[in-house]
Number of protein chains: 2
Amino acid sequence: MVTLAEVARHAGVSASTVSYVLSGKRTISAPTRERVERSIRELGYHPNAGARALASSRSNIIALMMPLRTDMYVPVMMEIAIAVATTARERGHDVLLLTGHEGPEAVRRVVGSGLADAMILMDVELEDRRLPLVREAPRPAVLIGLPADTGELTCVDLDFTATGRLCVDHLAGLGHRDVAVVGEAAAVYERRTGFAERTLQGVRERATELGARVLHRPCEGSYESVAGTLARVFDERPSTSAVIVQNEAAIGPLLGLLRQQGRAVPEDISVVAVCPEQVATSQSVALTSVAIPAQEMGRRAVELVMAKLDGAGGAVPARVELLPPRLTTRASTGPAAR
Amino acid sequence: MVTLAEVARHAGVSASTVSYVLSGKRTISAPTRERVERSIRELGYHPNAGARALASSRSNIIALMMPLRTDMYVPVMMEIAIAVATTARERGHDVLLLTGHEGPEAVRRVVGSGLADAMILMDVELEDRRLPLVREAPRPAVLIGLPADTGELTCVDLDFTATGRLCVDHLAGLGHRDVAVVGEAAAVYERRTGFAERTLQGVRERATELGARVLHRPCEGSYESVAGTLARVFDERPSTSAVIVQNEAAIGPLLGLLRQQGRAVPEDISVVAVCPEQVATSQSVALTSVAIPAQEMGRRAVELVMAKLDGAGGAVPARVELLPPRLTTRASTGPAAR
DNA sequence: TAGATGTGTCGAAGCGCTTCAATAGCCCGT
DNA sequence: ACGGGCTATTGAAGCGCTTCGACACATCTA
C-alpha cells in the first residue's frame, strides 16, 4: 500500500504538505498542489482510514441502527437506509450498519470505540432503551421516529398526526361521514412505536371537528386478517363509506376483498392509504395516499447529524423536525354516496 | 476516553499485557487476566477502533455492497443485509453499507483505504463492472449471485436452475402438462442478473425431459402488467393448468386476478411461487413455493468471507456454493384436471 | 529601511494500539 | 547446584496520519 510519505517523496515535498493538500486546511500554492495531486494519481494513493481516524479522532463513519424486527415496513426501512448511505457518501462519510440484535449496548460500543462519529437510530420506540445511552453519549445522534420524551434529542419523522388529519380532511371534503381505520398490527401498538397512535389521534381529532365518526381496528398484513377486520367493520358499521389504511401490507388484500365483495372503489367505498408512493400506484386501483417520505427522512437525518458534527461547539440545539404530509389524490377516493 | 495505557496503570501491568488479555494471542496467567478484566470493567474501557486498525492493519469491518436499484426484491435484500450484519457481529466484525450509487470505484476506495477487511457484493450481474476490481483487490470478497465467469471468485446463491427443475417436477408429478412462467420484469433480463435466466433454463430442461410444455412471459409487478400477461397466456395457450411465478411482486395481483376470472386455485389452476416464505404464507391461498433462503445466503457469505480472512495464507480456494432449493407444498397446487 | 504582516512549507510530536524480541522467574532432571 | 526448557510479562518500535509551532521568504506600510 502506498503511504502518504511515499507520495511526499515522489512529489518532493514534506508529508504535512501532502496532508494539507488533502484536507485543504492550509493554503497550498497552486503549483505545489498540482504536483502533489499528480503524485497521488500516479501512485494510486488512498489515505489509510485507520491512521486517519487515529490521528484526527474522526472516523468519517455514521452508524445506522436498524430495527430489530424485520417483518414490518421493510421497503420504507430500506429506502431510508439507502438514502442515509447515499447522502452520507455525498458528505464524505460512510455508514455502518447495526441491527437491533445487539441491543442498546451497540450504542456504547460504537461510541466508546470511536468507530462512528455519530448515530442515526431508526424505529424508535416511545420508551426506547437506547435513549439513556444516546443522551449521555459524547457523540451526536438523530432519531428517525419520535420517542415519548424528546428532550435533548434531535428527531425526524413524518408528522403522523397531521397525516391523520389530512386523510380525514380529504374524505370529509368528499362527504364521507363514517370512516374506518385499518390500522397496524396489534403488535405495533404494543411496542408503542408511536406513529400509529399519532395517526389515529390526528384522525380522531379532525373527525370530531368535522363531525365524522371513526371506527378503528388493528390489522395484520395477512389476507385472512384483513378479511376478518373488514367483515367486522362492515358488520359493526354498515354505513362505512371510506377506509384509511395504515398497514401497507394490508392494502393488496383489502382491495382484493372489496372487489370480491362487489364493493367498487371508489363508487361504493373510498380508500386512502398511508404508504410509499410506489405501493400506492402499483395497485389495481391507483390509491389516493399520503406518502411516507422515506428518502427525505433519511436525507434529513444525515443533514441534521452532520450539522451537529460540524457545529463542533455543540451549539446546535436539539430539535424535532416533523415533515409535513402530502396527500395525493388518485383514483381510489370519490364523493360519498348520498 | 479511557486508553489502554490507563487500564494498564490501573491494573499494575504493562500495556502489552492488557493488549494480550484482549486479543488472547498469548497466554496470560489467570490472576493477571482477572485483574486486567476488572480494570477494564471499572474504567469502562473500549479499545479505540482507529488505533487498532492502524496497528494491526485489520479494521474488523466487512463492506456490504447493496444493489443500485432499490425497486426489486427489497425484502430479500433486506433480509440478506440483516443476516450479514448479524452474522458478522457474531464473528466480531461490523458491516459497512455501500450503495451501488458510488459505482465500482467504491471497491477501490474501500480496499485501498483499508476501511474494510473484506467485501460482500449483492445483486451481481453477469458482466458486473465491479468484478475486475474485485479480482485484483488484495482483499477477500464473496459475491451473492452468479456472474458469467466465476473463475477466481467465491459466490453464494440459490441454485436457481435446480429451482426451476424442482417446480416443474412438482407440477408434472401432479399431472400438469402446460405450464406458464410468469417471469421477472423485462428490465431484469436486460440487466442480465442471471438468476431469472437460470430458473427458466431449469424449467425448460426439466419440462423437456418430462414432456411438458412451457410458456414464458416476463412480467412487471403492477396489477395492470400482471393482468396483461395473464390474458396473453390464456389466450395463447388456453390449456395452461399451472403457473410458476418468479416475480414476487406479481403474486398478489396474480391471485386476485385468477379469483376474479373465476379460476379457482388449485382446482382450475395450480400456482408455484419462488419467493420468501413469508410472502408465500400471507396470501389468500397459502402458496406452494420454493423459498429464497435470504438469511442463509447472508450467513454463508459472511462465513465464507471470514474463512478467507482467517486462512490468511490465501490457501482458501475460490468456490461457488449453490444452495439447494426446497419446495414446500401448500394449498395452491393440486392435481391437473383431466 | 526597518518592522509588521502574510503566505507557503516543513519538522516533529503524538494519536492508541499491536507485536516482536527480550527478559525474568520457574520447575525439571541430573 | 546448575544449565536447559518452560511460561508469563515487559519495553520499545512502529502502524500512517494530523496538526501545531516554527521558519523562510515575499509583500506591504510608515
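None of the values given here were measured: they were computed from a predicted structure. Within every chain, numbering begins at 1; the chains are lettered A, B, ... in the order of the sequence lines, protein sequences first and strands thereafter.
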Review point. Ignoring hydrogens and geometry, is there a side-chain-to-backbone donor-acceptor pair from A/Arg35 to A/Ala11 under 3.5 Å?
Key: yes

**Study point:** Where protein sits on nucleotides 15-24 of chain D, one letter per nucleotide: B base, S sugar-phosphate only, - none, heavy atoms under 4.0 Å
**Key:** BBBBBBBB--

Exercise for review: State plainly whether the residues B/Arg299 and B/Glu303 are in salt-bridge range, i.e. N to O under 4.0 Å.
Suggested key: yes

Check your understanding: With distance as the sole criterion, is a donor-acceptor pair present between the side chains of B/Thr17 and B/Ser14 under 3.5 Å?
Key -> yes

Check your understanding: Do any N or O atoms from the side chain of B/Glu6 and from the backbone of B/Thr3 form a donor-acceptor pair under 3.5 angstrom?
Key -> yes

Review point. Within the pair B/Thr32 and D/dA8, is there a side-chain N or O less than 4.0 Å away from OP1 or OP2?
Key: no

Review point. OP1 or OP2 of D/dG11 less than 4.0 angstrom from a side-chain nitrogen or oxygen of B/Ser14, does that happen here?
Key: no

Practice item. Only one of B/Val95, B/Val302, B/Leu143, B/Leu98 passes side-chain contact (heavy atoms from CB on, under 4.5 Å) with B/Ile120; say which it is. Key: B/Val302

